[in-house]
Amino acid sequence: MCNSTAPRPEEAPEQVRPDAKSVEQQLQSAKEALHKLWLLHPEDVTRVVQQDNLDIHVLQKLQQQHLQEVQELKQQHWDREDQLKKQHLKETAAIRNAQSVASSQVDMERALASSLQQSLTKTAQASNIMTKDIHNLKTRVKTLEAKLAI
């Protein structure tokens with residue numbers, strides 16, 4: 001059973017962690033105890049060691065499968081990320097192209113509007129001149145009619 005109040009290894013303060021010499025002593029004591037146990041019950045110890053070795057082998061295979069799955073997931077992530085980057089670049093290029101086309105169209109519309117404005121101004125000026133000419137002609141016709149009537 002796990003003691004929930006005990007600090008986790010990553011949370012344990014430095015002074016609580018054993019030094020290498022202490023760990024080596026504990027390992028030596030465990031080896032000696034296992035050897036004594038093996039002398040008393042060799043079949044049981046051999047069976048337990050074989051089971052432990054089998055468990056270790058199974059755990060190593062599971063770890064290898066896990067690492068392979070993690071690598072595959074990373075590769076899928078990288079592939080998807082590359083795909084999204086390419087899509088983003090295409091969309092950005094399309095937006096820039098559309099902006100350029102729209103800007104060109106705006107420039108053309110402005111040029112056309114300016115040309116139409118100039119044309120309208122010239123037409124208005126010509127209309128004013130023609131109106132004056134018509135007025136002058138009417139005046140001359142009346143003057144000539146008046147002279148002919150005399």
Donor-acceptor pair, T139 side chain versus H135 backbone, under 3.5 Å?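 Here the side-chain-to-backbone pair exists.
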Taking atom [atom1] of [X] and atom [atom2] of [Y], what is their separation to the nearest 0.5 Å?
X	Y	atom1	atom2	answer
M130	L137	CE	CG	11.0 Å
Q50	N53	CD	CG	7.5 Å
L67	Q60	CG	CD	11.5 Å
I56	Q51	CD1	CD	10.5 Å
Q68	L73	CD	CG	11.0 Å
L84	D79	CG	CG	11.0 Å

Atom pairs and distances, side-chain donor-acceptor, residues 95-122, under 3.5 Å, sequence neighbours left out:
unit_1: S104; atom_1: OG; unit_2: S100; atom_2: O; d: 3.1
unit_1: T121; atom_1: OG1; unit_2: Q117; atom_2: O; d: 2.8

For K86, enumerate each residue passing the salt bridge (Lys or Arg N to Asp or Glu O under 4.0 Å) test, keeping only those at least two apart in sequence or located in another chain.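 With sequence neighbours excluded, K86 shows a salt bridge (Lys or Arg N to Asp or Glu O under 4.0 Å) to no residue whatsoever.
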Using the rule that Ile, Leu, Val, Met, Phe, Trp and Tyr join whenever any side-chain heavy atoms are under 4.5 Å apart, tell me whether V49 and L39 fall into a single cluster.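 In one cluster: yes.
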Quick one: which of K85, K90, E91, Q83 gives a side-chain hydrogen bond (donor to acceptor under 3.5 Å, both in side chains) with Q87?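 Answer to the side-chain hydrogen bond (donor to acceptor under 3.5 Å, both in side chains) test with Q87 among K85, K90, E91, Q83: E91.
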Passing candidate, side-chain contact (heavy atoms from CB on, under 4.5 Å) with V48, options D52, T46, V45: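 In the set D52, T46, V45, the residue that makes a side-chain contact (heavy atoms from CB on, under 4.5 Å) with V48 is D52.
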Contacts under 3.5 angstrom, residues 21-36 side chains, donor-acceptor by atom type, not counting sequence neighbours:
unit_1: S29; atom_1: OG; unit_2: Q25; atom_2: O; d: 3.1

